[in-house]
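Only one structure is covered here, and it is reproduced in the block below.
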Amino acid sequence: MDDSKGEKAPALGISLNAQFAQGRSVVFQTYVDLEVSKEVLDQLMDKLNAVADRQEAYYAIEGAQKQLEVETNALQNYARRFEEIEANIQIKMMAEGKRNPKLTAQDEMQKKQAGDTLEEGKKRVAIAQKFLDELKQKAGNRDGANSGPNN
């Protein structure tokens, strides 16, 4: 814009509002010449959005770490439960004293459910870890290095 003698060149105003975790937000404001090309405008918007995406990733890391911790704790509980079920089945089999004891339908069902839950827990931990790793990669360091902020 040209403020000399009160004259202003025609321009487009651009505002981009970005919301982050923990109630943080930022507004980017700039202007471009009214006759700006689509390519230049796209480059500017790409630049602003890339900065917003990086900042969003940085502030989302803490929540992703907490989610990973929750999923990991749940997985440990699932593993303990599975071990308990297997141990109970072994005790029951030995107590019967049969040469080739068979599992009851209830024992088979409990073991299958516990095994399925354990496998689902492993998948959830892997998903949470992958998400956290992606956030760290996207966020980079505040000094510009390409690694997570908590490394």
Side-chain angles (χ1 to χ4, degrees), residues 1-91 103-151:
M1 293 184 159
D2 182 4
D3 286 334
S4 63
K5 297 184 184 180
E7 295 178 25
K8 294 183 179 182
L12 292 174
I14 298 173
S15 293
L16 174 70
N17 184 7
Q19 302 289 324
F20 306 129
Q22 303 167 353
R24 291 184 167 116
S25 66
V26 67
V27 176
F28 298 98
Q29 293 183 327
T30 189
Y31 67 92
V32 294
D33 184 68
L34 187 59
E35 301 301 322
V36 68
S37 70
K38 178 186 176 304
E39 291 77 19
V40 170
L41 190 55
D42 281 343
Q43 289 173 351
L44 177 60
M45 293 304 297
D46 288 346
K47 184 184 291 187
L48 293 174
N49 280 304
V51 169
D53 289 347
R54 179 176 170 270
Q55 295 303 312
E56 180 181 30
Y58 181 84
Y59 290 111
I61 287 173
E62 185 177 337
Q65 286 172 326
K66 288 178 182 176
Q67 184 62 36
L68 177 59
E69 184 178 333
V70 166
E71 297 297 347
T72 301
N73 290 340
L75 178 61
Q76 290 170 348
N77 289 335
Y78 301 150
R80 267 194 298 274
R81 178 68 181 138
F82 185 78
E83 290 171 6
E84 287 173 6
I85 289 171
E86 283 196 320
N88 290 341
I89 289 172
Q90 289 300 319
I91 291 169
L103 287 178
T104 65
Q106 182 180 0
D107 289 339
E108 286 180 9
M109 184 180 70
Q110 273 188 336
K111 187 173 179 179
K112 181 179 180 339
Q113 287 175 341
D116 290 348
T117 302
L118 181 60
E119 289 306 311
E120 182 63 27
K122 289 176 184 178
K123 288 177 189 175
R124 292 176 64 99
V125 166
I127 290 168
Q129 183 65 60
K130 181 181 177 198
F131 181 63
L132 177 59
D133 292 344
E134 288 170 355
L135 286 175
K136 286 181 176 182
Q137 181 67 29
K138 185 184 260 188
N141 268 345
R142 293 296 181 151
D143 64 2
N146 195 15
S147 62
N150 297 325
N151 290 343

Could you check Glu71 against Gln67 for side chain to side chain donor-acceptor pair (under 3.5 Å), going step by step and ending with a plain yes or no?
CA-CA 6 Å; Glu71 297 297 347; Gln67 184 62 36; 2.7 Å; yes

Atom [atom1] in [X], atom [atom2] in [Y]: separation rounded to 0.5 Å?
X: Glu134; Y: Lys130; atom1: CD; atom2: NZ; value: 5.0 Å
X: Asn73; Y: Leu68; atom1: CG; atom2: CG; value: 9.5 Å
X: Leu75; Y: Arg124; atom1: CG; atom2: CZ; value: 11.0 Å
X: Leu103; Y: Lys112; atom1: CG; atom2: NZ; value: 14.0 Å
X: Asp53; Y: Leu48; atom1: CG; atom2: CG; value: 11.0 Å

Closest heavy-atom contact between [X] and [Y]?
X: Ala52; Y: Phe28; answer: CB-CE1, 4.2 Å
X: Leu132; Y: Gln65; answer: CD1-CG, 3.6 Å
X: Ile85; Y: Gln110; answer: CD1-O, 3.7 Å
X: Asn17; Y: Ser25; answer: OD1-CB, 4.3 Å
X: Gly140; Y: Arg54; answer: C-NH2, 4.4 Å

With a 4.5 Å limit on heavy-atom distance, are the side chains of [X] and [Y] in contact?
X: Phe82; Y: Lys111; result: yes
X: Ile14; Y: Met45; result: yes
X: Asp42; Y: Glu39; result: no
X: Leu41; Y: Lys38; result: no
X: Val27; Y: Leu16; result: no

Check salt bridge (Lys or Arg N to Asp or Glu O under 4.0 Å) between Glu120 and all other residues, then give those that pass, not counting sequence neighbours.
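With sequence neighbours excluded, Glu120 shows a salt bridge (Lys or Arg N to Asp or Glu O under 4.0 Å) to no residue whatsoever.
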
More than 12 heavy atoms of other residues, nucleotides or ligands under 6.0 Å from CD of Glu69: yes or no?
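No, CD of Glu69 has 12 or fewer neighbouring heavy atoms, counting only those of other groups under 6.0 Å.
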
According to ring-ring contact (aromatic ring centres under 6.0 Å, His included), who are the partners of Phe20, at least two apart in sequence or on a separate chain?
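ring-ring contact (aromatic ring centres under 6.0 Å, His included) check on Phe20 returns Tyr59.
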
Could you tell me whether the side chains of Gln137 and Asp133 share a donor-acceptor contact shorter than 3.5 Å?
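The criterion, which ignores hydrogens and geometry beyond distance, is not satisfied for Asp133 and Gln137.
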
Between Lys66 and Glu62, does the salt bridge (Lys or Arg N to Asp or Glu O under 4.0 Å) criterion hold? Intermediate values first, please.
CA-CA 6 Å; Lys66 288 178 182 176; Glu62 185 177 337; 3.4 Å; yes

Asn88 vs Glu84, test: side chain to side chain donor-acceptor pair (under 3.5 Å). Steps then yes/no.
CA-CA 6 Å; Asn88 290 341; Glu84 287 173 6; 5.9 Å; no

Using the rule given for side chain to side chain contact (heavy atoms under 4.5 Å, CB included), can you reason through Val40 versus Val32, listing the C-alpha separation, both sets of side-chain angles and the distance that settles it, and then say yes or no?
CA-CA 9 Å; Val40 170; Val32 294; 5.8 Å; no

